[in-house]
Peer 1: 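One structure, pasted below without further comment.
Every heavy atom of this structure was used, including side-chain atoms; hydrogens, water molecules and symmetry mates were not. Chain naming here is simple, since letters A, B, ... match the order of the sequence lines and numbering starts at 1 in each. The shown structure was predicted, so the numbers you read here are calculated from the model rather than taken from an experiment.
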Amino acid sequence: MLPAPPRRPCSPMSLSHHHPAFELIAALRGASCPSSALRLYSLLRIRVRPTDPSRFAWRPAVLVLKPLSAAASLPLLSHFHAHLLRSNLLAYPHVASSLLRCYSLLSPALAHHLFDQIPPSTCNLVVVNVMLGSLCRSSDLASARAFFDGIPDKDVVSWSTMLTCYFSHSRLAEGLAFFRTMTFTTQLAADYVMLVTVLTGCASAGLLPVSCRAIHGYVVRREITFTMHLGTALINCYSKAGRLDYASRVFLRVPLRNVMHWTAMICGTAVHLGSEEAIRLFEEMSLSGVQPNEMTFTALLSACGHAGLVDQGRLFFELMVDKYGLEPTIHHYGCIVDLYAKAGKLEDAYKVIKAMRMEPNTIIWSSLLAACKKFKNFDIAGEGMEKVLTMEISEENSGLYALISDLYAMGGRWEAVIRVRRLMEERNVRKIRGSSSIKVGELTYWKKIRMVHGDDLRAYEYIIN
DNA sequence: TTAGGGTTAG
């Protein structure tokens, strides 16, 4: 029989700095590698027993689970899981939800299995929401939605998690409708995290600035805390919707502009005013004493790629590593590969892929392969094509199959062309034709667009979505 | 700042 977790939170006194575990807890919070976290945890176990009637009882376990999930080691996690079972710590919802989250990132199937074993007394809404998040990341949209529908007292996190699920499955219109359903049919108010999700969805859908203004209005009317993320998301949304003027108005009104606000503004500026102007803004940011982060360099490298500024891009990459000591992520490599590839420097692009410290993904390969097709270089494409065919290709990247098939045809490798076609049939890939969309009032028109004079768009062959 | 949801490359 598990001891019941304390029903009431402990009094502030028991959380005071005088608790013998306080310093160890602080050290554990800062621990990033699992071995040091586990060492501190063992020391803590001597000071804090699981029966300790304070929040200290479960906190060490929660804190140790963070570095443990980052280490991505299933054996280590199941070892700690066994300890949690032995010491009855899993009876605390805080511990159960943290463990479930760890499993969901490493093995969704094991997460599901663990969830089924959590007793009702422990399975509160947080635990259920973690499970929903796990389903959203690992399962299909319909299963996640069915689980969501079964949650009795949903809170804003439940709705927010489900909304993210729609967007991550590229179901933007349904996601926005889902958001409207929450605001119209429940008493729940969207908080700033949910609004960041909505704004990001609007931005990626390229909706008219009206949607951004509507969300902006919601933020103002409901007096929602104007956090850094919310400010950044608004700037992004406005600039992606083509209203750099509104974006900069938000930017200028942010009281403490930090690196994220600047980066969002640099992105928008690169698109609307060009790379030179974006680089100028970066210099202005540096002069104002704000340090760039990895996302700032992603924005700059991407801007250089669009403008074909190969040397400038390479300089930024070096600056990022040498001056700012930032480790290049897969996004930076992606930008650099694209930069070289678009400029026709296919060998340089390929060298970057070879030198990467992580496994290149389908986005990176498709940059290279698209350029190989454009510059009619079949030789460099070879290894990439074989590699990509062994990888999982998401539905939105299904164009990769056609690209590879074209490249093989270009090289006269007809047996490989047939192999790719067969693979497409086996994997049930539908050919998705290129399309564009615009939004007019409440309707989205998917169509081919022909530019007539500047902004004058004449649409034909449209299908109302 | 304290178990759960949110931002970057084609």
Peer 1: For the residue pair A:Y333 and A:R357, confirm or rule out a side-chain donor-acceptor distance under 3.5 Å.
Peer 2: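 There is no such pair between these side chains.
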
Peer 1: Give a yes or no on whether the backbone of A:E294 and the side-chain of A:H332 come within a donor-acceptor separation of less than 3.5 Å.
Peer 2: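 Confirmed, A:H332 side chain pairs with A:E294 backbone.
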
Peer 1: What is the distance, to the nearest angstrom, from the NZ atom on A:K66 to the C1' atom on B:dT1?
Peer 2: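 About 11 Å, once rounded to whole Å.
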
Peer 1: Taking N and O atoms by type only, does the side chain of A:S97 place a donor or acceptor under 3.5 Å from a partner on the base of B:dA3?
Peer 2: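 Indeed, a donor on one side and an acceptor on the other fall under 3.5 Å apart.
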
Peer 1: Would you say A:H261 places a side-chain N or O within less than 4.0 Å of OP1 or OP2 belonging to B:dT7?
Peer 2: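 For B:dT7, neither OP1 nor OP2 has a side-chain N or O of A:H261 closer than 4.0 Å.
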
Peer 1: Look at the side chain of A:S160 and decide which nucleotide, out of B:dA3, B:dG5, B:dG10, has an atom nearest to it.
Peer 2: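 Selected nucleotide: B:dG5.
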
Peer 1: To the nearest angstrom, how far is A:Y166 atom OH from B:dG6 atom P?
Peer 2: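 After rounding, the reported distance stands at 17 Å.
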
Peer 1: From the list B:dA9, B:dA3, B:dG6, which nucleotide is the closest neighbour of the side chain of A:N361?
Peer 2: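 Nearest to the side-chain atoms of A:N361, counting from C-beta on, is B:dA9.
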
Peer 1: Step through the shown structure and confirm whether more than 12 heavy atoms of other residues, nucleotides or ligands are within 6.0 Å of CG on A:D116.
Peer 2: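 Counting neighbours around CG of A:D116, more than 12 heavy atoms of other residues, nucleotides or ligands fall under 6.0 Å, so yes.
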
Peer 1: Looking at A:E359 and A:I330, what are the two nearest heavy atoms and their distance?
Peer 2: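 Looking at all heavy atoms of both residues, the closest pair is O-CD1, 3.5 Å.
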
Peer 1: Can you tell me, in whole Å, how much space there is between the C1' of B:dG6 and that of B:dG10?
Peer 2: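 Taking atom C1' in both B:dG6 and B:dG10, they lie 23 Å apart.
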
Peer 1: Has A:H331 got its ring stacked on the base of B:dA9, with centres under 5.5 Å and planes less than 30° apart?
Peer 2: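 Stack criterion not met.
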
Peer 1: Would you mind reading off the distance between A:I336 atom CD1 and B:dG10 atom C1', rounded to a whole angstrom?
Peer 2: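 For the pair A:I336 CD1 and B:dG10 C1', the rounded distance is 14 Å.
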
Peer 1: Determine the contact category for A:I330: base if any of its heavy atoms lies under 4.0 Å from a base atom, sugar-phosphate if only primed atoms, P, OP1 or OP2 are that close, otherwise nothing.
Peer 2: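 Result for A:I330 = base.
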
Peer 1: How is A:V127 classified with respect to the nucleic acid when contacts are heavy atoms under 4.0 Å: base, sugar-phosphate, or nothing?
Peer 2: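 Contact class for A:V127: none.
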
Peer 1: Taking only the side-chain heavy atoms of A:C335 (C-beta and beyond), determine which of B:dA9, B:dT7, B:dA3 contains the nearest atom.
Peer 2: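 Shortest atom-to-atom distance from the side chain points to B:dA9.
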
Peer 1: Quick one: label A:V193 by what it contacts on the DNA or RNA (base, sugar-phosphate, nothing), any heavy atom closer than 4.0 Å.
Peer 2: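 It contacts base atoms.
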
Peer 1: Can you tell me how far P of B:dG6 sits from CG of A:D155, to the nearest Å?
Peer 2: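 These atoms are roughly 14 Å apart.
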
Peer 1: Compute whether any side-chain donor of one residue and acceptor of the other, for A:H113 and A:Y103, lie under 3.5 angstrom apart.
Peer 2: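 Not at all, the side chains of A:H113 and A:Y103 share no donor-acceptor pair under 3.5 Å.
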
Peer 1: Under a plain distance cut-off of 3.5 Å, with no hydrogens placed, do A:Y238 and A:H216 share a side-chain donor-acceptor pair?
Peer 2: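 Side-chain D/A pair, A:H216 to A:Y238: present.
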
Peer 1: Among the candidates B:dG6, B:dG5, B:dG10, find the nucleotide nearest to the side-chain atoms of A:V156.
Peer 2: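 Closest nucleotide to the A:V156 side chain: B:dG5.
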
Peer 1: If we ignore hydrogens and angles and just use 3.5 Å, is the side chain of A:S143 paired with the main-chain N or O of A:S139 as donor and acceptor?
Peer 2: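 Looks like no, no N/O pair under 3.5 Å.
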
Peer 1: Of the candidate nucleotides B:dG6, B:dG5, B:dA3, which contains the atom at the shortest distance from the side chain of A:P93?
Peer 2: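 Between B:dG6, B:dG5, B:dA3, the one nearest the side chain of A:P93 would be B:dA3.
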
Peer 1: For A:N397, which contact category applies under a 4.0 Å heavy-atom criterion: base, sugar-phosphate, or nothing?
Peer 2: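 The residue A:N397 makes base contact.
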
Peer 1: Check every strand shown and say whether A:M131 touches a base, only sugar-phosphate, or nothing at a heavy-atom separation below 4.0 Å.
Peer 2: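 Answer is nothing: A:M131 stays at 4.0 Å or more from every strand.
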
Peer 1: Over how many whole Å does the gap from A:L65 atom CG to B:dT2 atom P extend?
Peer 2: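 Between P of B:dT2 and CG of A:L65: 18 Å.
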
Peer 1: Over 60° means perpendicular and under 30° means parallel, so tell me whether A:F316 and A:F282 are parallel, tilted or perpendicular.
Peer 2: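 Geometry flag for A:F282 against A:F316: perpendicular rings.
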
Peer 1: Assign A:R101 to base, sugar-phosphate, or nothing according to its heavy-atom contacts below 4.0 angstrom with the strands shown.
Peer 2: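 Touches sugar-phosphate only.
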
Peer 1: Rounded to the nearest Å, what distance is computed from the CG atom of residue A:L163 to the P atom of nucleotide B:dT7?
Peer 2: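 Taking CG of A:L163 and P of B:dT7, I get 11 Å after rounding.
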
Peer 1: Less than 3.5 Å between a donor and an acceptor, one on the side chain of A:S367 and one on the base of B:dG10, is that the case here?
Peer 2: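 Absent.
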
Peer 1: Taking the side chain of A:I364 as its heavy atoms from C-beta onward, which of B:dA3, B:dG5, B:dA9 lies nearest to it?
Peer 2: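 Closest of the options to the side chain of A:I364: B:dA9.
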
Peer 1: Looking only at atom C1', what distance separates B:dG5 and B:dA9, rounded to whole Å?
Peer 2: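 Those two atoms are separated by 24 Å.
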
Peer 1: Assign A:K342 to base, sugar-phosphate, or nothing according to its heavy-atom contacts below 4.0 angstrom with the strands shown.
Peer 2: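 Sugar-phosphate, no base atom in range.
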
Peer 1: Could you tell me how far apart A:R29 (CZ) and B:dA3 (C1') are, to the nearest whole angstrom?
Peer 2: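 Rounded to whole Å, this separation is 13 Å.
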
Peer 1: Write down the distance between NE2 (A:H229) and P (B:dT8), rounded to a whole number of angstrom.
Peer 2: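 To the nearest whole Å, that distance equals 12 Å.
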
Peer 1: Do you see a donor-acceptor pair shorter than 3.5 Å between the side chains of A:S69 and A:R101?
Peer 2: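 No, no side-chain donor-acceptor pair sits under 3.5 Å.
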
Peer 1: Pull out every residue in residues 293-302 of chain A that has a heavy atom closer than 4.0 Å to any atom of DNA chain B, ordered by number, or say none.
Peer 2: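 A:M295, A:T298, A:S302 - these, ordered by number, are the residues of the stretch whose heavy atoms sit under 4.0 Å from the strand.
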
